[in-house]
Colleague: 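A single structure is presented below for examination.
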Amino acid sequence: MSIPTIELNDGHLLPAIGLGTYQIRGGKGIDQVLSAINDGYRLLDTSTNYDSEGIVGEAIRRSGIPRSNFFVTTKLPGKYHHFDDTLMSIQESLCRMGLKYFDLYLIHWPLPKRGLYLEAWKAMIIAQKMGLIRSIGVSNFEPDHLDHLINETGVTPAVNQIEVHPYWVQERMLQANKDRKIITEAWSPLGRGSQSMKEKVITDLAEKYQKSSAQIILRWHQLRGIVPIPKSSSLNHQRQNLDIFDFQLTNNEIKDINSLSQVNGRIDNQDPNEYEEFE
């Protein structure tokens, strides 16, 4: 299956949907990622904090598909925001995965109370110049955090991966990213088991287009210019999640899904201005 791509602000091409690997681990996890690769996934999203970097790297090797065909993303933990620690963490993650470079490396959370994310960003710019990373970006960053990086270094993140799903629509952040020519990726794009897939507006659209509720939501993301990163260990769901490019939602249907947004819609109430990342 051929997956469309989106051009980043640095010229690299990002697949329009990826596989999340949160809680996918061990030998079983290798098989799940390998199955996803065989079904056509090329954007593989992991993190040091997910404890899945090793199995993703192993699945890539076992696939027999050239490394250049993949778009591999991982993320910097909060405990490594100091400049030297960031460089060491990048190199350690590469060794853990058995790779020579990352296609995309993200600061996982800004942790503004610690105030070290600019230091981490400067180290990532160096790592990019060293050839260890092709594109650099962030995750869970607010507009003020983005502008701090841009104003201090002149380097704009290529991607901002944030929480987006029908109960947390994120119009404000989506526009903020667009204004800065930053591509938005969505973590937990289906709401991590939330009730949103049972909402009537979703189920009605699923019936209309002969798709699953998950496919409707993933297409909603994609039509809003968002790259969704759904996590699924189910082989059937993995395949379904890729099969979203053969139908359209109308502007009104997109607005109807947007109307599901809730004031307190975050899954775990993780406010990037307050959240202290687990170490």
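What's counted below: heavy atoms across the whole structure, side chains too, no hydrogens, waters or symmetry copies.
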Colleague: Quick check on side-chain hydrogen bond (donor to acceptor under 3.5 Å, both in side chains): which of Glu277, Glu276, His82 does Arg114 satisfy it with?
Modeller: Glu276
Colleague: For the side chain of Tyr41 and the backbone of Gln238, is there at least one donor-acceptor N/O pair under 3.5 Å apart?
Modeller: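 Indeed, once roles are kept as given, a pair shorter than 3.5 Å links the two residues.
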Colleague: Do Asp243 and Lys211 sit within salt-bridge range, that is, some charged N less than 4.0 Å from a carboxylate O?
Modeller: yes
Colleague: Could you state whether Val227 and Leu19 fall into the same hydrophobic cluster, counting links through intermediate Ile, Leu, Val, Met, Phe, Trp or Tyr residues with side-chain heavy atoms under 4.5 angstrom apart?
Modeller: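 Each belongs to a different hydrophobic cluster.
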Colleague: Closer than 3.5 angstrom, by distance alone: can the side chain of Arg266 be matched with the main-chain N or O of Gln270 as a donor-acceptor pair?
Modeller: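 Yes; at least one donor-acceptor contact below 3.5 Å.
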Colleague: I'd like to know if the side chain of Glu119 reaches the main chain of Phe83, judged simply by a donor and an acceptor atom lying under 3.5 Å from each other, with no hydrogens or angles considered.
Modeller: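 Answer holds: yes.
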Colleague: Are there over 12 heavy-atom neighbours, none belonging to Asp271, within less than 6.0 Å of that residue's CG?
Modeller: yes
Colleague: Quick one, Tyr209 and Gln215 - any side-chain contact, counting heavy atoms below 4.5 Å?
Modeller: no
Colleague: For a quick test of reading the model, state the closest non-hydrogen atom pair linking Gln240 to Ser212 and the distance between them.
Modeller: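 Taking Gln240 first and Ser212 second, the nearest heavy atoms are OE1-OG, 3.7 Å.
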Colleague: Are Leu106 and Ile90 connected in the hydrophobic side-chain network, where two residues link if heavy atoms are under 4.5 Å apart?
Modeller: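 Not linked; separate clusters.
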Colleague: So with a 6.0 Å cut-off around OH of Tyr80, is the heavy-atom count from everything else above 12?
Modeller: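 Open: at most 12 neighbouring heavy atoms sit under 6.0 Å from OH of Tyr80.
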Colleague: How far apart are the closest heavy atoms of Pro189 and Ile217, and which atoms are they?
Modeller: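 Answer, listing the atom of Pro189 first, then Ile217: O-CG2, 3.4 Å.
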Colleague: Could you measure the distance from the CE atom of Met130 to the CE atom of Met124? Nearest 0.5 Å is fine.
Modeller: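 If I round to the nearest 0.5 Å, the distance is 13.5 Å.
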Colleague: I'd like to know whether Val155 forms a side-chain contact (heavy atoms from CB on, under 4.5 Å) with Ile136, so could you lay out the CA-CA distance, the side-chain angles of the two residues, the decisive distance to 0.1 Å, and finally the verdict.
Modeller: CA-CA 9 Å; Val155 179; Ile136 55 177; 4.0 Å; yes
Colleague: Quick one: does Leu34's side chain get under 4.5 Å of Ser63's, heavy atoms only?
Modeller: yes
Colleague: Hydrophobic cluster membership, with links at side-chain heavy-atom distances under 4.5 Å among I/L/V/M/F/W/Y: are Val169 and Ile254 in one?
Modeller: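 Per the 4.5 Å side-chain linkage, Val169 and Ile254 are co-clustered.
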Colleague: Is there a side-chain contact between Leu223 and Gln248 (heavy atoms, below 4.5 Å)?
Modeller: yes
Colleague: Are the side chain of Asp39 and the backbone N or O of Arg239 linked by a donor-acceptor pair below 3.5 Å?
Modeller: no
Colleague: Start with the C-alpha gap between Ser89 and Tyr105, add the side-chain angles, then the distance that decides, and say whether side-chain contact (heavy atoms from CB on, under 4.5 Å) holds.
Modeller: CA-CA 11 Å; Ser89 183; Tyr105 195 81; 3.7 Å; yes
Colleague: Donor-acceptor check, side chain of Gln23 to backbone of Tyr50, threshold 3.5 angstrom: yes or no?
Modeller: no
Colleague: Using 0.5 Å steps for rounding, measure from the OG1 atom of Thr5 to the CD1 atom of Ile17.
Modeller: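 CD1 of Ile17 is found 14.0 Å from OG1 of Thr5.
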Colleague: Please confirm whether the backbone N or O of Leu149 pairs with a side-chain atom of Thr153, one donor and one acceptor, at under 3.5 Å?
Modeller: yes
Colleague: Return the NZ to CG distance between Lys208 and Leu249, rounded to the nearest 0.5 Å.
Modeller: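 It is 8.0 Å, given to the nearest 0.5 Å.
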Colleague: Side chain of Arg219, backbone of Phe247: donor and acceptor closer than 3.5 Å?
Modeller: yes
Colleague: Are there over 12 heavy-atom neighbours, none belonging to Glu207, within less than 6.0 Å of that residue's CD?
Modeller: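 It does not: Glu207 CD has 12 such atoms or fewer within range.
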Colleague: Decide yes or no for Arg224 and Val164: does some side-chain heavy atom of the first lie under 4.5 Å from some side-chain heavy atom of the second?
Modeller: yes
Colleague: Could you check whether any side-chain heavy atom of Asn264 comes within less than 4.5 Å of a side-chain heavy atom of Asn269, counting everything from C-beta outward?
Modeller: no
Colleague: For Ala16 versus Pro228, what's the shortest heavy-atom pair and its separation?
Modeller: O-CD, 3.4 Å
Colleague: Indicate if Val33 and Ile30 have the same hydrophobic cluster label, given that clusters are the connected sets of ILVMFWY residues with side-chain heavy-atom separations under 4.5 angstrom.
Modeller: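 Result: yes, single cluster for both.
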Colleague: Salt bridge (charged side-chain N to carboxylate O under 4.0 Å, His left out) between Glu142 and Arg172: does it pass, once the steps are laid out?
Modeller: CA-CA 10 Å; Glu142 291 282 300; Arg172 175 184 64 91; 3.0 Å; yes
Colleague: Looking at Arg134 and Asp10, does any basic side-chain N land under 4.0 Å from a carboxylate oxygen?
Modeller: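 So Arg134 does not pair with Asp10 through a salt bridge.
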Colleague: Is it the case that Arg42 places NZ or CZ above or below the six-membered ring of Phe70, under 6.0 angstrom from the centre and within 45 degrees of the axis?
Modeller: yes
Colleague: Start with the C-alpha gap between Arg180 and Asp147, add the side-chain angles, then the distance that decides, and say whether salt bridge (charged side-chain N to carboxylate O under 4.0 Å, His left out) holds.
Modeller: CA-CA 9 Å; Arg180 293 160 180 79; Asp147 289 340; 2.8 Å; yes
Colleague: Going by atom types alone, do Thr184 and Asn177 pair a side-chain donor with an acceptor below 3.5 Å?
Modeller: yes
Colleague: Assess whether ring pair (Phe, Tyr, Trp, His ring centres under 6.0 Å) is satisfied between Tyr117 and His145, documenting all intermediate values.
Modeller: CA-CA 9 Å; Tyr117 63 87; His145 308 145; 5.5 Å; yes
Colleague: If you compare all heavy atoms of Leu190 against all heavy atoms of Ser196, which two are closest, and at what distance to 0.1 Å?
Modeller: O-OG, 3.6 Å
Colleague: Between Lys122 and Glu152, is there a salt bridge with N-O shorter than 4.0 Å?
Modeller: no
Colleague: State whether the number of non-hydrogen atoms from other residues, nucleotides or ligands found under 6.0 Å of Asp144 atom CG is greater than 12.
Modeller: no
Colleague: Working note: Thr48 + Leu76, criterion side-chain contact (heavy atoms from CB on, under 4.5 Å); need CA distance, chi angles, decisive distance, verdict.
Modeller: CA-CA 7 Å; Thr48 300; Leu76 178 73; over 6 Å; no
Colleague: For residues Trp121 and Gly137, report the shortest heavy-atom separation together with the two atoms involved.
Modeller: CZ3-O, 3.5 Å
Colleague: Between His12 and Ser135, do the side chains contain an N or O donor and an N or O acceptor separated by less than 3.5 Å?
Modeller: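 Result is yes, a qualifying pair exists.
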Colleague: Are there more than 12 heavy atoms of other residues, nucleotides or ligands under 6.0 Å from atom CG of Asn151?
Modeller: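 Counting neighbours around CG of Asn151, more than 12 heavy atoms of other residues, nucleotides or ligands fall under 6.0 Å, so yes.
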Colleague: How long is the gap from CD1 on Ile216 to CD on Glu199, to the nearest 0.5 Å?
Modeller: 14.5 Å
Colleague: Roughly how far, to the nearest 0.5 Å, is the CE atom of Met173 from the NZ atom of Lys178?
Modeller: 12.5 Å
Colleague: Any chance you could measure Glu253, atom CD, to Ile202, atom CD1, to the nearest 0.5 Å?
Modeller: 10.5 Å
Colleague: Under 3.5 Å, is there a donor-acceptor pair between the side chain of Asp45 and the main chain of Thr74?
Modeller: no
Colleague: Pick out which of Thr21, Val159, Leu43, Leu14 makes a side chain to side chain contact (heavy atoms under 4.5 Å, CB included) with Thr73.
Modeller: Leu43
Colleague: Look only at the side chain of His81 and the backbone of Thr86, and say whether a donor-acceptor pair between them is shorter than 3.5 Å.
Modeller: no
Colleague: Does a donor on one side chain sit under 3.5 Å from an acceptor on the other, for Glu163 and Asn140?
Modeller: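 No pair is found: no donor N or O on one side chain lies under 3.5 Å from an acceptor on the other.
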Colleague: Do Arg67 side-chain atoms and Tyr101 backbone N/O form a donor-acceptor pair below 3.5 Å?
Modeller: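 Checked: pair present.
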Colleague: Sort out for me which residue in Lys75, Arg96, Arg25 forms a salt bridge (charged side-chain N to carboxylate O under 4.0 Å, His left out) with Glu53.
Modeller: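 Filter result, single survivor: Arg96.
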Colleague: When the ring planes of Trp109 and Tyr275 are compared, do they come out parallel, tilted or perpendicular, using 30° and 60° as the limits?
Modeller: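 Judged by the thresholds at 30° and 60°, the geometry between Trp109 and Tyr275 is tilted.
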Colleague: Quick check: closest heavy atoms across Pro112 and Pro272, and the distance to 0.1 Å?
Modeller: CD-O, 3.3 Å
Colleague: Indicate if Leu44 and Ile229 have the same hydrophobic cluster label, given that clusters are the connected sets of ILVMFWY residues with side-chain heavy-atom separations under 4.5 angstrom.
Modeller: no
Colleague: Would you call Ile226 and Gln170 a side-chain contact if the rule is heavy atoms closer than 4.5 Å?
Modeller: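 A side-chain contact under 4.5 Å is absent here.
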